[in-house]
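Both backbone and side-chain heavy atoms feed into the values below; hydrogens, waters and symmetry mates do not. Just so we're clear, the structure is a prediction, and the values are computed from it rather than from any experiment.
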Amino acid sequence: MSLSSNSSNLRYRTKPESDRLIEFPFELKFTIPRIAATGFNFGEQVKAADPNLWPDRYSDETPECAFRWLTECWHTNDEAARRIELVPPKSFIEAFAYEWVGCFKRRQPMIVEKSRRMVISWAARGLETWVCGLQRAEWLIVDQTHANAAEHLWRIHFALTELYDRRPELKLVRHNHRGSVLTKEPTHVLLPNGSVITQLHQEAGASQGKGKTGITLEEISKYRAPSAFWNQATLVTMGPGGQPGGWVCGIANADPDPDWRAIKGMESGRKLLGLDV
Amino acid sequence: MEVPGFAAQTIKNGTRHVAIHYSADEEKGPEWVAIMKSRLATEGFGERDWQREMELREDIYNGEPVFADYVDHLHCPKPLHDAPIPVIKHSQYIGGWDCGQTLHPAFVLMQVTRGGQLHAMLEVLPPAPEAMEAFAPRVNQALMEVLPTLWDTVEHVADATVINKSGTDGRSAQQEAARHGFRLVPASNAWQRRYSAVTWSLADRIDEDTPRLLLSGQGCLVLRAGFQGAYKWEQSSTSDQVGPGRVIRMPLKNGYSHVQDAFQYAVLRARQILESVPFEVGGLKRN
């Protein structure tokens with residue numbers, strides 16, 4: 001970077017060989033040379049930084065690593081039982097992590113139809129956070145209401161805070177958040193690598209734009225128009241030609257709503273499990 | 001990885017479908033189920049909620065169904081899930097219409113056998129809001145397909161508002177139907193009479209093994225879903241008169257209510273017929 005100045009403006013060349021000049025509207029004569037002297041360049045700095053936040057034990061994008069992350073780092077809060085504990089190292093959690101990571105890597109849409117009280121939503125928050133810590137990502141979590149959607153982000157805030165406190169040896173850089181965590185209404189969770197996890201609810205209108213790494217549709221079977229949300233989520237995660245784009249995951253309980261059932265090809269969870277002979 | 005209570009498959013549209021039942025957790029045995037059921041019951045999470053949200057049952061709707069006497073395996077037994085009800089000789093036919101002052105008309109065809117059994121054979125619903133001018137020909141076509149030689153023997157009953165004249169062209173739904181060959185007779189709109197008639201058709205038995213009412217799952221998809229719980233009591237969460245969150249005793253108007261209304265008019269008429277004419281004992285027995 002080379003600098004030149006006149007009485008009112010500072011000019012600098014972004015590249016020595018470039019003729020393009022950027023004009024600043026105010027005097028920066030004293031500050032810019034000092035910053036320039038340190039060799040600091042914001043663009044280069046971000047580009048050079050490793051976006052992976054996690055220690056080696058959790059830093060491979062594999063189901064094994066995901067399962068380790070959940071069962072060694074991700075704390076759940078059972079308010080009814082007043083119990084804070086790690087996601088249990090059970091075989092169904094391992095199977096869930098295996099399916100989740102596989103689908104995410106393949107960018108294959110995934111629908112999870114589950115019984116309540118299986119800590120699946122907690123585990124899904126853990127996996128989303130884990131992926132967002134491995135790379136710079138933008139993740140959107142949708143639920144029926146603002147309160148429900150915000151609680152998912154609060155769970156992420158809670159679990160990360162527990163992790164910093166209980167595993168100081170990991171030397172993790174703390175996350176940031178927007179919105180109130182005291183009232184369980186955070187709107188954003190910001191990870192130190194630039195990843196953003198945010199929330200939306202079904203009344204908030206369609207999510208426009210593109211470039212989302214992942215969208216999780218919690219309780220999708222109970223939305224007023226499940227297929228509208230599913231299709232919109234598919235649209236905003238669509239990548240440019242030839243590139244994988246983002247991923248959509250729906251998590252729900254069984255429901256007779258025909259619009260919801262159409263998303264999963266009218267397939268029944270009970271039939272899949274062999275419960276209906 | 002084989003885990004009981006956990007299964008995954010890739011479905012036709014390419015989506016991965018993962019199902020997780022609580023039995024995937026080995027700690028959640030019968031004892032846990034009993035404790036959870038009793039604990040959740042105190043929070044208003046009843047057996048129907050348990051069946052849907054814990055047992056992954058897809059045929060149970062949220063809320064309180066209007067007709068709790070409906071028993072799916074009795075009134076729509078397995079052989080009728082994907083099959084039409086056959087035309088039975090010497091039966092009478094009733095067409096129930098909900099078509100007055102609405103753009104969401106509905107029609108139900110009922111067969112009343114000589115044995116006194118009621119068969120909901122067919123429902124007709126428009127795919128989008130539709131005026132009587134378009135709906136009546138749609139019903140005509142459906143009737144000709146199901147009853148090719150008997151369609152003109154069907155007795156038609158409709159809601160009382162069928163005689164109300166439309167403000168735009170001064171014609172009633174009844175007049176519009178007449179243009180297409182249907183003579184619609186207005187039936188009572190009184191809710192208690194309709195409720196009582198349908199409850200009778202569901203609760204009554206011809207003999208120990210034979211229900212009074214059978215419906216075709218293939219021909220009456222929406223009607224069946226309504227009986228399964230989609231046709232439910234309206235919840236009032238804001239009314240000061242009723243009290244927040246209380247159940248009020250009127251059915252919720254939704255996508256399932258119109259065909260239920262049409263069915264109710266048909267049952268009202270069927271009951272009149274059965275109570276006035278002696279019928280043979282025994283009807284179409286369920287398999």
Greatest number of non-hydrogen atom pairs under 4.5 angstrom with chain A, of B:T10, B:D25, B:N62, falls to B:D25
Is the number of heavy atoms from other residues, nucleotides or ligands within 6.0 Å of CD (B:Q141) greater than 12? no
Discussion item. Using a 3.5 Å distance criterion without hydrogens, assess whether the side chain of A:K90 forms a donor-acceptor pair with backbone atoms of B:E27.
Written reply: no
| Is the side chain of A:R270 donor-acceptor paired with the backbone N or O of B:E55 at a distance under 3.5 Å, no angle test? | yes
Separation between CE (B:M54) and NZ (A:K114), nearest 0.5 Å, reads 9.0 Å
One option among A:I93, A:N253, A:D257 has the most heavy-atom pairs under 4.5 Å with chain B, and it is A:N253
Counting heavy-atom pairs under 4.5 Å with chain B, the top scorer among A:V112, A:D255, A:L273 is A:L273
Of A:R117, A:M110, A:R106, A:R116, the largest count of non-hydrogen pairs under 4.5 angstrom with chain B goes to A:R116
Original post:
Taking atom CZ of B:R39 as the centre, does the number of heavy atoms from other residues, nucleotides or ligands within less than 6.0 Å exceed 12?
Top reply: no
*asked:* Tell me if the CZ atom of A:R224 is crowded by more than 12 foreign heavy atoms within 6.0 Å.
replied: no
When every non-hydrogen atom of B:F6 is compared with those of A:F92, the smallest separation belongs to CE1-O, 3.7 Å
Evaluate the side-chain proximity of A:Y98 to B:V3: yes if any heavy-atom separation is below 4.5 Å, no if none is.
no
The reported gap from NZ in A:K264 to CD in B:Q9 (rounded to nearest 0.5 angstrom) is 9.5 Å
Counting C-beta onward and ignoring hydrogens, is there a side-chain heavy-atom pair between B:K28 and A:M118 closer than 4.5 Å?
yes
inquiry  = Just so I know, are the side chains of B:I20 and A:S115 near enough to count as touching, which here means a heavy-atom distance under 4.5 Å?
reply    = no
Do the side chains of B:E58 and A:K271 get close enough for a salt bridge, i.e. N-O under 4.0 angstrom? no
- Message: Run A:I263 and B:T15 through side-chain contact (heavy atoms from CB on, under 4.5 Å) and show every step you take.
- Response: CA-CA 9 Å; A:I263 296 172; B:T15 300; 5.8 Å; no
When the 4.5 angstrom heavy-atom criterion is applied to B:Q228 and chain A, the contacting part is neither
Cut-off 4.5 Å, heavy atoms of chain A, and the answer for B:L40 is side chain
Cut-off 4.5 Å, heavy atoms of chain B, and the answer for A:E99 is side chain
Backbone N or O of B:H17 within a donor-acceptor pair of the A:E113 side chain at under 3.5 Å? no
On a heavy-atom basis, the closest approach of A:P258 and B:Y256 is CD-OH, 3.6 Å
